[in-house]
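Presented below is the structure to which this report refers.
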Amino acid sequence: MNAIANPKPATTDTVLRVQGISKSFGDNHVLKDISFDMQKGEVVSLLGPSGCGKSTLLRCINWLEEPDAGHIRLNSERMGYAGSGAKMNDTQLSQMRSRIGMVFQHFALWPHMTVLENVMASPVHVQKRDRKEVENEARAVLKRVGLEDKMDMLPSRLSGGQKQRVGIARALAMKPEILLFDEPTSALDPMLVGEVLEVMRDLAADGATMVIVTHEMKFARQVSSRIIFMDSGHIIENRSPEDFFDHPQTDKAKTFLHSVQYK
Amino acid sequence: MNFYDYLSFVYGALSTVGVSFVAIIVGIPLGLGLALLRWARIPVFGKCAYLYVSIVRSCPAVTLIMLIYFGLPQFGISLNPFVAALISFSITATAFNCEIWRSSLLAFDRSQYEAAQAFGMTRWVRFRHVLLPQIWRSSIPGLINEMTLLVKNSPAISVIGLLDITRAAQRIGARTYEPIPPLLLGFAIYIIIVMLLIELQKRLETRIRSAGI
Ligand SMILES: Nc1ncnc2c1ncn2[C@@H]1O[C@H](COP(=O)(O)OP(=O)(O)O)[C@@H](O)[C@H]1O
Ligand SMILES: [Mg+2]
């Protein structure tokens, strides 16, 4: 396992450093000593069977779950602990979290806000940026995801694919240093998956740093710079997409690829 | 009915409205506070909120107001009847409003609250901009309904000698031997008060529909 645990020291391009993260719920050991780095502009697909801890890992990265052990560093700043070593308070944690964008499987849009307000909420209320400026940017971001004509609608009036594109626009509006996607297309009708993947492909090409949990194997292969494969709380493969898909080294990965019918 | 009879109606209406109004102003935020204690599953406090609501809910308005008015002086707290009425109605309104807020909170989808957390919103911002607008919207009908119940429970204040609308009507009827006209007048005043509350509900609901973030 050591061979894939932070082999090199962090560089100035290391956006995210995950070191020795462990997390249990009761006696269910969900994450066991997870370590990996992400360089600026890297796209990592996090794969693994359901229940292996992918969501929990993403939630540890932005401290929605507090890990039992290990460090998370975002551009060399430690998550969850202030400089003095004391635990971060609500305000400090909020500032750290606002530097990480997250996209959820079930969208989790705020239903009482219009599309535009959803996108503006965090920049205005968390980053305290100028409202007018935020609005212009929000309109631009929504245009980028193809929703310029839906800005004043409530999320409930949108299709799943449109909702998820709002979810992505909402994350982008914070200008995050890294984007986390937790199965962004799993709740969508097959017909609508393409439009969301298209937006994500565009982001990847644009140099965004992204961690993507997905079951879209073809997409993962095309868009990722690296594949991390997890099984029962461990990272057991961490390699290029070609290596992983064409020559999986572990039986678990072979079984997994077989089960998702990746040929 | 003479001039003084009408005056006593005005007086009765003022105490009915006054007691109800104070109970509403106190009961809405306190009820919300209790409901949030339960929603956030704060160990001991959540349980206390539950006990408070269960006990108060089972106490009739007349009983509670007498308990407060005659009971508190035993502990050296002497009250004038109007203050006793305010306290008693506020206690009840808090308990019932707690249940109204709580059912809105139960219907609230926690995942978008967590999304707000992931987007860096502090506890206060999440409450103010994500939770409150949504539960306020879904609580308005219940809260207004509870206000009309408060108004209609207000005759209870007459048991400690206060003059409310119904008591005024009853006194006039007893003197003139014509109970029906003053009762009808009292009824009309209740109708006006409740209509005003329903109008308030409509306005709040329209305002919400056109509100921004
Ligand atoms: N809040 C929680 N409390 C208890 N158990 C949890 C919680 N969150 C996740 N788990 C458990 O952790 C394991 C991994 O879950 P998860 O990270 O959601 O897996 P994945 O996203 O890979 O499907 C599962 O066994 C799940 O039941
Ligand atoms: Mg998951």
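Keep in mind that the numbers below use all heavy atoms, side chains included, and drop hydrogens, waters and symmetry copies. Within every chain, numbering begins at 1; the chains are lettered A, B, ... in the order of the sequence lines, protein sequences first and strands thereafter.
- A 6.0 Å sphere centred on CZ of B:Phe70 holds more than 12 heavy atoms belonging to other residues, nucleotides or ligands.
- Minimum interatomic distance between B:Phe119 and A:Val126 (heavy atoms only, all atoms of both residues): O-CG2, 3.7 Å.
- Shown here for B:Thr122 and A:Ser94, the closest heavy-atom pair between the two residues is CG2-OG, 3.3 Å.
- Contact annotation for residues 88-116 of chain B against chain A (heavy-atom separation below 4.5 Å, listed by residue number): B:Ser111, B:Gln112, B:Glu114, B:Ala115, B:Ala116.
- Heavy-atom neighbours of A:Phe25 CZ from other residues, nucleotides or ligands within 6.0 Å: above the threshold of 12.
- The CG atom of A:Leu93 sits 9.5 Å away from atom CZ of B:Arg123, with the distance rounded to the nearest 0.5 Å.
- Within residues 131-148 of chain B, the residues that have a heavy atom under 4.5 Å from a heavy atom of chain A are B:Pro133, B:Gln134, B:Arg137, listed by number.
- In this structure, B:Tyr52 places its OH atom where more than 12 heavy-atom neighbours from other residues, nucleotides or ligands lie under 6.0 Å away.
- Taking both residues in full, the closest heavy atoms of A:Ser122 and B:Met121 are given as OG-CE, 4.1 Å, listed atom of the first, atom of the second, then distance.
- Of the atoms belonging to B:Val125, it is side-chain heavy atoms, and not backbone ones, that fall under 4.5 Å from chain A.
- At a 4.5 Å heavy-atom cutoff, the contact between A:Ile100 and chain B is made by backbone atoms alone.
- Shown here is B:Phe45, whose CZ atom has no more than 12 heavy atoms of other residues, nucleotides or ligands within 6.0 Å.
- Residue pairs meeting the salt bridge (Lys or Arg N to Asp or Glu O under 4.0 Å) criterion with at least one member in residues 61-90 of chain B, sequence neighbours excluded, do not occur.
- Note that NE2 of A:His125 and CH2 of B:Trp124 are 12.0 Å apart. Values are rounded to the nearest 0.5 Å.
- Evaluation of the salt bridge (Lys or Arg N to Asp or Glu O under 4.0 Å) test over residues 152-174 of chain A, restricted to residues two or more places apart or in two chains, returns A:Arg165-A:Glu195.
- The contact between A:Asp90 and chain B is made by backbone and side chain atoms together, counting heavy-atom distances below 4.5 Å.
- With rounding to the nearest 0.5 Å, the separation of CH2 in A:Trp63 from CD in B:Gln117 is 13.0 Å.
- Counted within 6.0 Å of OH on B:Tyr190, heavy atoms from surrounding residues, nucleotides or ligands total more than 12; the atom is thus considered enclosed.
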